[in-house]
Amino acid sequence: MDAKRFLKLLNIKFKLVLCFSVLLIASCENDIEKVKIITSKKAMPVERGKDVEILYSDSARIKARLLAKELNRFAEKQPYVEMPKGIKMYFYDANQKVNSTLTAEYAKVLQFPDNNIMEARRKVVVVNEKNETLNTEHLVWNQKEETIVSDAYVTITTKDEIIMGDGLESNQSFTKYKIKKMKGTINLKK
């Protein structure tokens, strides 16, 4: 094979490789958002629901009722349920009467084998049957122990007082509570 013919053949192969490379590059996805979705490792819910109602019961008695605009269940190593659009929760006494309510803009329930722990965030409000109101940004409800706790700043408004503190421990009906690092105006009875 002479040099002239060899160079012509090499030129043709180069052009074919160049065309193939251009086609291959043109077929790739360039939209960053689409690439992020494809490569994302974010957990995806295994179940989703809108306008959900959940009843918590023990021995055929309703203990609490939860309403959520949106619910997403994740089956991760540690399963959880997320309610990103907020909740309204009703707690019931032994006579099936509502004795307190809890609302929040966001909630997440961590599901353990024998216990559920709900974490409520953003504009959390608890109101008891005496119309005493607890306001905070973070609160944890332990279903098994029937308690609510917070390590965040809390404000409790009663008929006569406004009490503030850095944390709280209470029963779920919000009738017996202890405020940590208490501040505010408190009326004491003789």
(request) Find out whether K63 and E146 are in side-chain contact, i.e. whether some heavy atom of one side chain is under 4.5 Å from a heavy atom of the other. (result) yes
(message) Going by the rule salt bridge (charged side-chain N to carboxylate O under 4.0 Å, His left out), which residues pair with R61 if we only count those two or more places apart in sequence or in a different chain?
(response) none
(request) Determine the minimum heavy-atom distance between Q172 and S100, stating which atoms define it. (result) O-OG, 2.9 Å
(message) Test of understanding: with side chain to side chain contact (heavy atoms under 4.5 Å, CB included), list the residues that count as partners of D166, not counting sequence neighbours.
(response) Y153, K181, K183
(request) Check salt bridge (charged side-chain N to carboxylate O under 4.0 Å, His left out) between E119 and all other residues, then give those that pass, not counting sequence neighbours. (result) R121
(message) Nearest 0.5 Å, please: how far is OG1 in T101 from CG in L67?
(response) 11.0 Å
(message) List the residues meeting side chain to side chain donor-acceptor pair (under 3.5 Å) with K85, not counting sequence neighbours, and say none if there are none.
(response) E70
(request) Would you give the length of the straight line joining atom CZ of R48 to atom CD of E82, rounded to the nearest 0.5 angstrom? (result) 9.5 Å
(request) Measure from the side-chain N and O atoms of N128 to the backbone N and O of E132, and report whether any donor-acceptor pair falls under 3.5 Å. (result) yes
(message) According to ring pair (Phe, Tyr, Trp, His ring centres under 6.0 Å), who are the partners of Y92, at least two apart in sequence or on a separate chain?
(response) none
(request) For I54, check side chain to side chain contact (heavy atoms under 4.5 Å, CB included) against everything at least two apart and list the hits. (result) V52, Y56, L66, L71
(request) Group every Ile, Leu, Val, Met, Phe, Trp and Tyr by side-chain heavy-atom contacts under 4.5 Å, then state whether W141 and V98 land in the same group. (result) no
(message) Suppose clustering is done on Ile, Leu, Val, Met, Phe, Trp and Tyr with side-chain heavy atoms closer than 4.5 Å. Which residues sit in the same group as V127?
(response) V125
(request) Can you sort out the partners of E137 under salt bridge (charged side-chain N to carboxylate O under 4.0 Å, His left out), two or more places apart, ordered by chain and number? (result) none
(message) To the closest 0.5 Å, what do you measure between CE (M83) and NZ (K69)?
(response) 14.0 Å
(message) Test of understanding: with side chain to side chain contact (heavy atoms under 4.5 Å, CB included), list the residues that count as partners of S170, not counting sequence neighbours.
(response) I148, L168, F174, Y177
(request) Hey, could you give me each pair passing salt bridge (charged side-chain N to carboxylate O under 4.0 Å, His left out) that has a residue in residues 167-179? Not counting sequence neighbours. (result) E169-K178, E169-K180
(request) Please identify each residue that fulfils side chain to side chain contact (heavy atoms under 4.5 Å, CB included) with K97, with sequence neighbours left out. (result) D93, E129
(request) Please say which of K108, E47, R73 ends up in a side chain to side chain contact (heavy atoms under 4.5 Å, CB included) with V81. (result) R73
(request) Give the C-alpha distance, both sets of side-chain angles, the deciding distance and a yes or no for side-chain hydrogen bond (donor to acceptor under 3.5 Å, both in side chains) between D160 and T158. (result) CA-CA 5 Å; D160 304 321; T158 69; 5.6 Å; no
(request) Find out whether N135 and K123 are in side-chain contact, i.e. whether some heavy atom of one side chain is under 4.5 Å from a heavy atom of the other. (result) no
(request) For D58 and I62, indicate whether the former's side chain and the latter's backbone hold a donor-acceptor pair under 3.5 Å. (result) no
(request) Assess whether side chain to side chain contact (heavy atoms under 4.5 Å, CB included) is satisfied between L139 and L102, documenting all intermediate values. (result) CA-CA 10 Å; L139 184 124; L102 183 153; 3.4 Å; yes
(request) Identify the residue among I156, T133, T155 that makes a side chain to side chain contact (heavy atoms under 4.5 Å, CB included) with I162. (result) T155
(message) Quick one, V124 with T103, criterion side chain to side chain contact (heavy atoms under 4.5 Å, CB included). Give me CA distance, side-chain angles, the key distance, then yes/no.
(response) CA-CA 6 Å; V124 182; T103 58; over 6 Å; no
(request) Identify, with sequence neighbours excluded, every residue that meets salt bridge (charged side-chain N to carboxylate O under 4.0 Å, His left out) alongside K130. (result) none
(message) I'd like to know if the side chain of S150 and the backbone of H138 have a donor-acceptor N/O pair within less than 3.5 Å.
(response) yes
(request) Report yes or no: does S57 contribute a side-chain atom to a donor-acceptor pair with the main-chain N or O of A60 at less than 3.5 Å? (result) no
(request) Fit a plane to each ring of F74 and Y80, take the angle between them on a 0 to 90° scale, and name the class: parallel (under 30°), tilted (30 to 60°) or perpendicular (over 60°). (result) parallel
(message) Under 4.5 Å between side-chain heavy atoms, counting indirect links through other Ile/Leu/Val/Met/Phe/Trp/Tyr residues: same cluster for L55 and V109 or not?
(response) no
